[in-house]
Amino acid sequence: MSRILITSALPYINGVKHLGNLAGSMLPADVYARAMRLLGHDVLYICATDEHGTPAELAAQGAGVEVADYCDQMHEAQKSAGEDFGLSYDYFGRSSAPSNHALTQDFAAKLEAAGLIEERVSQQIYSNADQRYLPDRYVEGTCPNCDFEGARGDQCDSCGKLLDPIDLIDPYSAVSGSKDVEVRETRHLYLRQSVMADDLRKWVEGHKSDWPPLATSIALKWLDEGLRDRAITRDLKWGIPVLRDGFEGKVFYVWFDAPIAYIAATQDWATETGGDWASWWRTDAGADDVQYVQFMGKDNVAFHTLSFPTTIIGTNNQGGDQYKLVDNLKAFNWVTWYGGKFSTSQNRGVFMDQAISIAPSDYWRWHLMANAPEGSDAAFTWEEFQSSVNSDLANVLGNFVNRITKYTVGKFDGVVPSTGEAGEHEAWITQELAERLPALIGHYEAREFRKAAEQTRAIWAAGNEYLTRSAPWTHYKTDVDQAAIGVRTGLNLVALFGIIAQPLIPDAAAKILDAIGVPEENRSWDFGDVADLLDALPHGLAVTPPELLFTKIEDEQVAQWTEQFGGETA
RNA sequence: GGUGGGGUAGCUCAGCUGGUUAGAGCGCAGGACUCAUAAUCCUGAGGUCGUGAGUUCAAGUCUCACUCUCACUACCA
């Protein structure tokens, strides 16, 4: 048994996330957490909402509520959306929690003592009308290179050139449209990542063999370009206050405090449950044997491989509390919408709350993991979604459960038959499982989700092949015992299929296991001898065909969803 | 512009350190079966592995150039 700490990238507070966010961090983290629990490991799965930053303030302003109230509401909305998808967090915290305020300020103080924080003055656009400093992206104006009039402060959408907002001609606030903006000097704290570059490179290069290439290549790219110091404070009201003379009214940058919230949320979990957070995070307090796994989309990699590790290593170098660095970092590409981008404004794409309103969470979980964006971006299409659900879930798994349980009721009084001896067909399926079950576990341990789903499906399909081979309905006419062994093996396969399906489709798996009468304590992945698995159910145990496990998606629904949410032609 | 990922069957994707006839699922065609959600099982057709050169006994896999696409490019997060 191992202790496994799992975090998924914190969903940002300004709205319920779309399927791409779900597929790229929260869902795989949950599937991994469930699989590891089934394997008997001690798992702690932590997530939280990321609540600070300019977009949160503006979203609250747009909604006409105080930002704290806005965050309260959206935190609950996201928590509930996560629950709807069966995300099995041990704790779903908040980056705005008091624990994170204290811990972030504590980290900052230690980094300061380590000489890793430096005060610098920079120039920033201030909008008098909005009474706020504007991040580069919120300043627009005329591009100094191509005269395009709608250029953003960070980049011109017309000529593609990277810009400095100070260079824009006729700049205006993208928030209010006001041209009453000026350049002001402002003082900020910088995290001296540059002095940590060699340590970081050594650490990242040491993980070339056990992190996805996506993760190491992005981190090394930044290091190759020369790691620059990064401002870790902002001129905002909402956030974690900077305790320093002259920094009244300033807060820490959201990307400084958000990853620290992984730890703070664990503290909140401990407070709520009586657990010991330090034993999960601090190597000087018993966390040496913890394996820490992070899940995130590719946009988050730099922060998790460079900035946050700088915070951790810098703090550790001060002596005192010793925090864990990530051991395994699983980075995902994007789920795209028919090869293009998700877009709220253009009505393209599906958000979590909408998704759950049109199809059960298992359907989404299965499709998104069977097509996870692991090697490259993965295109979501309604047609593929329909195909996944109808073929894999309804036809291969659902029909298997249905055919054998109904036959049991029809011919064997609805109980597990006790007669018949295992023969060549049982030997065949035993051999199949002896090869496939370890492969399945291996894929989960390696966090290869597409392959795990593929192997799961292959095991289900092998069950159908077994039934074709053993054909109890043929033998029933001449040799009931021969039919009985086929039915008994088939019913045990149903139980096994439910057991292996749990990480991906927990709701359907529970229905199957309930129908076949498998008690909770027998649902783990402690497999042992495969031959025993095929005669595990007590003889005479009553089974009932479950209600329809998966309803097929009709072409008309696909047409309607395409219309409603956008699709190919949008 | 720079850097990184990707470009493999009609579609969505696997192919580790280069090695016999390039794989899977879906879709398609034919057959089998009839217990089952017109499901399942078997068989088959389909690819000059983005383009062009190079290294090698051998290249989807390594090198170079080009091209398309996505991402990042440090004050969006």
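So that the names make sense, note that chain A is the first sequence line, chain B the second, and so on, each numbered from 1.
- Under the salt bridge (charged side-chain N to carboxylate O under 4.0 Å, His left out) criterion, D392(A) pairs with R457(A), sequence neighbours left out.
- Listed by first and then second residue, the salt bridge (Lys or Arg N to Asp or Glu O under 4.0 Å) pairs that reach into residues 543-559 of chain A come to none, sequence neighbours excluded.
- Under the 30°/60° scheme for interplanar angles, the aromatic rings of F385(A) and H367(A) are found to stand perpendicular.
- Here, A29(B) and C68(B) have their C1' atoms 34 Å apart, quoted to the whole Å.
- Going from atom CG of L397(A) over to atom C1' of A39(B) covers 13 Å, rounded to whole Å.
- Rounded to a whole angstrom, the distance from the P atom of G46(B) to that of G10(B) is 11 Å.
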Worksheet entry | F497(A) vs I459(A), side-chain contact (heavy atoms from CB on, under 4.5 Å): CA-CA, chis, key distance, verdict | CA-CA 8 Å; F497(A) 293 177; I459(A) 292 171; 3.6 Å; yes
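- Residue contacts for L214(A): at a heavy-atom cut-off of 4.0 Å it reaches no nucleic acid atom on any strand shown.
- Nucleotides A77(B) and C72(B) are separated by 13 Å at their C1' atoms, to the nearest Å.
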Worksheet entry | Pairing pattern in dot-bracket form [Watson-Crick, G-U; both distances under 3.5 Å; | = partner strand] for RNA chain B | (((((((..((((.....[...)))).(((((.......))))).....(((((..]....))))))))))))....
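- Side chain of N492(A) to backbone of R488(A): a donor-acceptor contact under 3.5 angstrom is found.
- Sequence neighbours left out, the pairs with a member in residues 464-483 of chain A that pass ring-ring contact (aromatic ring centres under 6.0 Å, His included) are F412(A)-Y476(A).
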With the criterion being N/O to N/O and under 3.5 Å, what pairs connect the protein with nucleotides 33-36 of chain B, and how long is each?
unit_1 : atom_1 : unit_2  : atom_2 : d
C35(B) : O2'    : R403(A) : O      : 3.3
C35(B) : O2     : R403(A) : NE     : 3.1
C35(B) : N3     : R403(A) : NE     : 3.4
C35(B) : N3     : R403(A) : NH2    : 2.5
C35(B) : N4     : R403(A) : NH2    : 3.1
A36(B) : O3'    : N402(A) : ND2    : 3.0
A36(B) : O2'    : N399(A) : OD1    : 2.5
A36(B) : O2'    : N402(A) : ND2    : 3.1
A36(B) : N1     : R403(A) : NH2    : 3.3
A36(B) : N3     : N399(A) : ND2    : 3.2
A36(B) : N3     : R403(A) : NE     : 3.1

Discussion item. Base contacts versus sugar-phosphate-only contacts with protein, heavy atoms under 4.0 Å: please encode nucleotides 71-77 of chain B as B, S and - from 5' to 3'.
Written reply: SBBBBBB
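- Residues passing the salt bridge (charged side-chain N to carboxylate O under 4.0 Å, His left out) test with E426(A): none are found, sequence neighbours excluded.
- Across all strands, Y476(A) comes closer than 4.0 Å to no nucleic acid atom at all (heavy-atom distances).
- Note on residues 364-376 of chain A: pairs passing salt bridge (Lys or Arg N to Asp or Glu O under 4.0 Å), not counting sequence neighbours, are D30(A)-R365(A), K330(A)-E374(A).
- Atom OH in Y466(A) sits about 19 Å away from atom C1' in C42(B), given to the nearest Å.
- Taking atom C1' in both C41(B) and U34(B), the straight-line distance is 12 Å, to the nearest Å.
- With a glycosidic angle no further than 90° from 0, G46(B) counts as syn.
- Nucleotides A9(B) and G15(B) place their C1' atoms 14 Å apart, quoted to the nearest Å.
- Annotation: U61(B) and A22(B) have their P atoms spaced 15 Å apart (nearest Å).
- Partners of E435(A) according to the salt bridge (charged side-chain N to carboxylate O under 4.0 Å, His left out) rule, which considers only residues two or more places apart in sequence or in another chain, do not exist here.
- Contact annotation for A378(A): backbone-only contact, meaning every heavy-atom pair under 4.0 Å involves sugar-phosphate atoms and none involves a base.
- When the side-chain nitrogen and oxygen atoms of N371(A) are compared with OP1 and OP2 of U12(B), none of them lie within a distance under 4.0 Å.
- Applying the side-chain contact (heavy atoms from CB on, under 4.5 Å) criterion to Q124(A), with sequence neighbours excluded, gives Y133(A), D136(A), T186(A).
- Rounded to an integer number of Å, the gap from NE2 of H425(A) to C1' of C41(B) is 13 Å.
- Side-chain contact between L549(A) and N402(A) is absent, with no heavy atoms from C-beta onward closer than 4.5 Å.
- The same atom, P, is picked in G23(B) and in C49(B); the two are 14 Å apart, to the nearest Å.
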Worksheet entry | Stepwise side-chain contact (heavy atoms from CB on, under 4.5 Å) check, T544(A) with T405(A) | CA-CA 7 Å; T544(A) 43; T405(A) 50; over 6 Å; no
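- If you measure from atom CD of E448(A) to atom C1' of C13(B), you get 13 Å, rounded to the nearest angstrom.
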Expected rows: protein N/O vs nucleotides 23-29 of chain B N/O, under 3.5 Å:
unit_1 : atom_1 : unit_2  : atom_2 : d
A24(B) : O2'    : E454(A) : OE2    : 3.3
G25(B) : O3'    : R457(A) : NH2    : 3.2
C26(B) : O2'    : S387(A) : OG     : 2.9

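- Spacing between atom CE of M369(A) and atom P of A14(B) amounts to 13 Å, rounded to whole angstrom units.
- The pair D154(A)-R152(A) counts as a salt bridge, with a side-chain nitrogen and a carboxylate oxygen less than 4.0 angstrom apart.
- Taking the C1' atom of each, U8(B) and U69(B) are spaced 16 Å apart, rounded to whole Å.
- Not counting sequence neighbours, R450(A) has no partner by the salt bridge (charged side-chain N to carboxylate O under 4.0 Å, His left out) test.
- Residue K552(A) places none of its side-chain N or O atoms closer than 4.0 Å to OP1 or OP2 of A38(B).
- With N128(A) contributing its side chain and V181(A) its backbone, the two residues share no donor-acceptor pair below 3.5 Å.
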